[in-house]
Amino acid sequence: MTVRKIRPIRDHVIVVDMEFGEQRTPGGIIIVDDDGKQHGIKPRWAKVYAVGPEQENVKAGDWIFIEHGRWTRGFNFEREDGSVYTLRRVDTEAIMMSSDKKPEDVYTAAEI
């Protein structure tokens with residue numbers, strides 16, 4: 001489907017670029033893709049794609065750290081320029097922190 005614009009309502013937050021696959025630390029340690037397994041329960045970073053008009057804590061372009069599982073299943077859509085994104089809606093109560101830049105280390109300290 002081609003979408004011209006996504007506009008969340010109220011204080012909803014829509015994200016892209018959520019990290020799910022295998023990860024590598026700066027020191028070379030490989031963190032396997034463990035999504036869907038009991039030990040894969042962990043918070044994740046995602047980039048804010050769009051926010052509703054009542055959202056005051058984050059803005060489009062921010063990176064947010066979200067409690068595990070507090071997002072919807074992703075859906076893909078194609079924009080007019082042909083780029084495809086996977087979007088998810090985040091539970092705003094589950095946003096633990098935000099950053100204006102993408103974190104270099106997407107893993108948590110408990111995983112090392």
Side-chain angles (χ1 to χ4, degrees):
M1 101 172 120
T2 301
V3 176
R4 290 200 173 122
K5 189 170 185 177
I6 297 289
R7 287 189 318 236
I9 59 173
R10 296 185 296 277
D11 70 341
H12 292 259
V13 176
I14 306 295
V15 298
V16 294
D17 294 338
M18 189 172 277
E19 301 284 342
F20 283 101
E22 181 178 281
Q23 300 170 28
R24 185 180 300 266
T25 69
I29 298 171
I30 296 173
I31 302 171
V32 297
D33 180 6
D34 54 7
D35 190 46
K37 298 177 178 75
Q38 181 65 27
H39 61 276
I41 297 175
K42 61 185 176 187
R44 299 183 190 275
W45 285 98
K47 185 176 184 180
V48 176
Y49 180 79
V51 298
E54 298 172 16
Q55 179 53 247
E56 298 177 353
N57 298 316
V58 296
K59 63 186 181 310
D62 285 351
W63 285 86
I64 58 175
F65 199 52
I66 311 148
E67 293 176 14
H68 176 78
R70 303 289 297 271
W71 52 81
T72 62
R73 288 182 179 239
F75 66 93
N76 294 330
F77 75 96
E78 182 179 345
R79 293 181 45 157
E80 289 178 334
D81 65 1
S83 58
V84 176
Y85 292 104
T86 300
L87 298 181
R88 293 175 170 82
R89 188 187 69 78
V90 170
D91 180 354
T92 56
E93 298 295 317
I95 298 171
M96 296 187 288
M97 64 182 93
S98 67
S99 173
D100 57 350
K101 292 192 253 181
K102 180 178 182 178
E104 292 181 26
D105 303 329
V106 295
Y107 50 88
T108 62
E111 296 173 323
I112 298 176

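Quick caveat: nothing in here was measured; it's all calculated off a predicted structure.
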Take Lys47 and Lys102 through the test side-chain contact (heavy atoms from CB on, under 4.5 Å) and record every step on the way to the result. CA-CA 8 Å; Lys47 185 176 184 180; Lys102 180 178 182 178; over 6 Å; no
Should Thr92 and Val90 be marked as a side-chain contact (heavy atoms from CB on, under 4.5 Å) after you check the CA-CA gap, both sets of side-chain angles, and the distance that decides it? CA-CA 6 Å; Thr92 56; Val90 170; 5.8 Å; no
For residues Val58 and Val13, report the shortest heavy-atom separation together with the two atoms involved. CG2-CG2, 4.0 Å
So, using side chain to side chain contact (heavy atoms under 4.5 Å, CB included) as the criterion, who are the partners of Asp81 when residues are at least two apart? Arg79, Ser83
I would like to know whether Leu87 and Val16 meet side-chain contact (heavy atoms from CB on, under 4.5 Å); could you show each step before the answer? CA-CA 5 Å; Leu87 298 181; Val16 294; 3.0 Å; yes
Residues that Thr72 engages under side chain to side chain donor-acceptor pair (under 3.5 Å), provided they are two or more places apart: none
Taking the inter-plane angle between the rings of Tyr85 and Tyr49 on a 0 to 90° scale, is it parallel (under 30°), tilted (30 to 60°) or perpendicular (over 60°)? tilted
Those residues at least two apart in sequence (or on a different chain) that pass side chain to side chain contact (heavy atoms under 4.5 Å, CB included) with Arg7 are Lys5
Ile64 and Val48, any side-chain heavy atoms less than 4.5 Å apart: yes
For the pair Trp63 and Asp17, evaluate side-chain contact (heavy atoms from CB on, under 4.5 Å) and give the outcome as yes or no after the intermediate values. CA-CA 9 Å; Trp63 285 86; Asp17 294 338; 3.8 Å; yes
Here the pair of heavy atoms bringing Pro8 nearest to His12 is CB-O, 3.7 Å
Tell me, do Phe65 and Pro103 make a side-chain contact under 4.5 Å, heavy atoms counted? no
Would you call the rings of His68 and Trp71 parallel, tilted or perpendicular, taking 30° and 60° as the class edges? perpendicular
Set of residues satisfying side chain to side chain contact (heavy atoms under 4.5 Å, CB included) with respect to Asn57, sequence neighbours excluded: Gln55
For Pro53 and Ile9, the nearest pair of non-hydrogen atoms, with its separation, is CD-C, 4.2 Å
Residues in side chain to side chain donor-acceptor pair (under 3.5 Å) contact with Lys59, at least two apart in sequence or another chain: Asp62
For Asp91, check side chain to side chain donor-acceptor pair (under 3.5 Å) against everything at least two apart and list the hits. Arg70
Excluding sequence neighbours, so at least two apart, what forms side chain to side chain donor-acceptor pair (under 3.5 Å) with Arg73? none
Ala60: which residues meet the side chain to side chain contact (heavy atoms under 4.5 Å, CB included) condition with it, sequence neighbours left out? none
I need the minimum non-hydrogen distance between Met96 and Pro43, along with the two atoms involved. CE-CB, 3.4 Å
